[in-house]
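Worksheet: one structure, shown below.
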Amino acid sequence: MDQIMSAIAAGNGWLNGIVWGIPALVLLMGAGIILTVGLKGFQFRKFGYAMKNTIGKMFDKHEAKEGEITPFQALTTALAATVGTGNIAGITTAVTLGGAGSIFWLWISALLGMATKYSEVLLSVKFREKNANGDWVGGPMYYIKNGLGKNWKWLGVVFGVFGGLASFGIGNAVQVGNITDSINTAIQSFVPSAADHRMTINVVLAVILMIVVGIVLIGGIKRIGAVTEKLVPVMAAIYIVACLLVVVFNITKVPHVFGMIFQGAFSPQAVTGGAAGIGMKLCITWGVKRGVFSNEAGLGSAPMAHAASSESNPVKQGLYGIFEVFMDTIVICTLSGLTILLALDEATLNYGTQGTTALNAQALGTVFGPKLGALIIAIGLSLFALSTILSWGLYGTRCWEFILGSKAIKPYQIIYTLVIIVSATMNLSLAWDIADTLNGLMAIPNLIGVLALCPVVFKLTKEHFTGGSLRR
């Protein structure tokens with residue numbers, strides 16, 4: 001078994017180096033630049049308008065018909081997938097392997113990613129269709145097929161395969177692994193001897209997760225939307241408040257940390273002391289990788305949730321894509337990065353090694369105490385990860401449904417639920433690496449479709465703001 005896992009790790013490492021090489025980073029950042037220029041900086045010019053028409057309407061009542069969910073439920077379903085372990089453990093990894101400067105490149109990828117995600121969501125609503133069950137379905141598979149023509153359906157299938165496989169990695173293995181890791185850390189802070197029963201605890205947690213996920217997935221998009229609508233605001237509030245308190249307690253260090261971020265973005269070794277050879281390439285790569293892993297702009301995943309919205313105006317639903325990236329990366333990921341950089345010294349961060357949630361717990365522990373810090377991380381990360389598992393269960397369903405038809409839905413959901421038990425006992429480092437690779441593979445067919453259809457995005461956006469009644 002060890003030899004097989006080693007071979008898988010080696011093969012994935014080779015493929016990851018290609019997928020996340022310079023060409024892939026250029027494609028992701030380049031797409032964001034092209035869309036930002038074509039939209040004339042829409043995400044900046046209309047930022048206030050986007051916030052007013054998304055989070056500003058959070059408490060407005062919306063009616064959703066059968067097979068639909070409200071615009072806010074579509075947002076929370078997508079946010080449930082994006083606000084996951086990448087916002088906590090992923091940012092810690094970016095900082096320890098890429099240095100403090102990786103946070104700067106994370107911001108850059110997010111600012112450009114706002115235009116990318118806006119475009120993805122807009123296209124998903126524009127080119128969606130009804131499936132055999134009467135549900136709205138959409139996403140890259142559908143805007144490639146319906147937007148570029150049926151001769152391009154093969155590219156949609158390619159995305160579907162990558163997305164369907166990625167659901168087991170980014171949506172399942174990584175999330176489950178981090179839930180078990182954080183909960184074990186919390187339990188051991190209270191009962192040190194629990195370390196001897198780690199595997200038993202993992203299996204028990206996996207069984208509980210399987211039951212919860214199975215019940216929600218069987219209920220379909222309506223039940224997923226209803227759960228995430230309540231779960232996402234609560235989980236985000238708990239974590240944001242905890243991190244803000246750490247920032248407040250270390251307020252005098254904030255200017256220094258921001259200096260580290262900006263200096264480290266262009267001269268990483270000046271901040272890390274050259275630890276493990278951290279240079280510009282590593283700094284940019286980890287910043288962009290973890291930015292994309294966290295907000296999923298360019299991956300084409302979130303559009304599959306937004307396609308089910310009761311909102312018929314593609315531009316209005318697209319605004320939620322801007323808010324998603326802002327909340328996920330600019331707010332939550334930044335707070336994660338600031339928390340560990342403010343609370344932990346260089347020796348504790350141990351640049352050049354892959355950080356774990358234990359560092360996040362330790363950072364919060366400087367304010368709340370070690371036990372409560374570990375407990376906050378365990379609760380926050382578990383809620384983040386659970387919501388991600390549910391949303392990616394939907395994404396995987398949509399991908400395999402596109403390829404194999406509605407008959408594939410139930411078998412996939414059963415397999416997806418059973419994989420949780422495997423994920424709870426899997427090597428977490430390998431799970432992260434495989435998820436990274438599949439993320440990069442998803443982005444390629446999706447961005448080809450988005451860039452090919454960008455004239456549609458530009459046209460609909462212009463019409464929205466010059467069409468009188470459309471602006472309401």
Side-chain angles (χ1 to χ4, degrees), residues 1-31 84-86 89-90 93-94 96-98 102 105 109 113 116 140-141 144 154-178 276-279 281-301 352-354 388 392 395-396 399-400 403 415-416 419 422-423 426-451:
M1 179 59 72
D2 289 341
Q3 290 180 332
I4 294 174
M5 296 305 291
S6 296
I8 292 174
N12 181 74
W14 171 80
L15 183 58
N16 187 278
I18 297 174
V19 170
W20 281 109
I22 297 300
L25 296 181
V26 170
L27 177 62
L28 281 164
M29 301 292 273
T85 56
T93 298
T96 57
L97 293 180
S102 62
W105 295 108
S109 71
T116 304
M141 309 85 72
I144 288 172
W154 66 269
L155 188 62
V157 171
V158 170
F159 174 88
V161 171
F162 291 149
L165 292 175
S167 69
F168 296 111
I170 182 177
N172 196 319
V174 169
Q175 312 303 327
V176 173
N178 277 285
I278 294 176
K281 182 180 178 182
L282 272 178
C283 182
I284 295 172
T285 299
W286 280 108
V288 174
K289 279 173 71 171
R290 284 297 172 253
V292 173
F293 188 96
S294 176
N295 62 51
E296 299 180 15
L299 297 191
S301 49
T353 62
Q354 182 164 323
T388 300
W392 268 91
Y395 297 164
C399 287
W400 292 116
I403 299 169
I415 295 171
Y416 184 81
V419 164
V422 178
S423 303
M426 187 177 180
N427 182 299
L428 192 56
S429 176
L430 180 59
W432 272 109
D433 292 341
I434 293 173
D436 265 340
T437 302
L438 290 168
N439 278 0
L441 290 172
M442 284 176 64
I444 296 170
N446 174 56
L447 289 176
I448 290 173
V450 171
L451 290 175

- Task: Can you sort out the partners of S109 under side chain to side chain donor-acceptor pair (under 3.5 Å), two or more places apart, ordered by chain and number?
- Result: none
- Query: Does a side-chain heavy-atom distance below 4.5 Å link L28 with L447?
  - Reply: yes
- On a heavy-atom basis, the closest approach of P140 and G300 is CD-O, 3.0 Å
- Query: Sequence neighbours excluded, which residues qualify as side chain to side chain contact (heavy atoms under 4.5 Å, CB included) partners of W154?
  - Reply: W152, V158
- Can you see which heavy atom on F162 is nearest to which on L441, and at what distance? CD1-O, 3.3 Å
- Minimum-distance pair of heavy atoms, taken over all atoms of F159 and L299: CE1-O, 3.0 Å
- Message: Do Y395 and S167 make a side-chain contact, defined as non-hydrogen atoms from C-beta onward lying under 4.5 Å apart?
- Response: no
- Message: Testing the basics here: between W400 and F168, what is the closest heavy-atom pair and its distance to 0.1 Å?
- Response: NE1-CE1, 4.4 Å
- For V161, the side chain to side chain contact (heavy atoms under 4.5 Å, CB included) test, sequence neighbours excluded, returns V157, L165, I403
- W286: what forms a ring pair (Phe, Tyr, Trp, His ring centres under 6.0 Å) with it, not counting sequence neighbours? none
- Residues in side chain to side chain contact (heavy atoms under 4.5 Å, CB included) with A166, at least two apart? I170, W392, L438, M442
- Message: To check you understand the geometry: which heavy-atom pair defines the closest contact between L155 and P445, and what is its length?
- Response: CD1-CB, 3.6 Å
- Between CG on residue N446 and CE on residue M141, distance to nearest 0.5 Å: 10.5 Å
- Which atom pair, heavy atoms only, marks the closest approach of I144 to G156? CG2-N, 3.8 Å
- Backbone N/O of Y416 and side chain of N172: donor-acceptor pair under 3.5 Å: yes
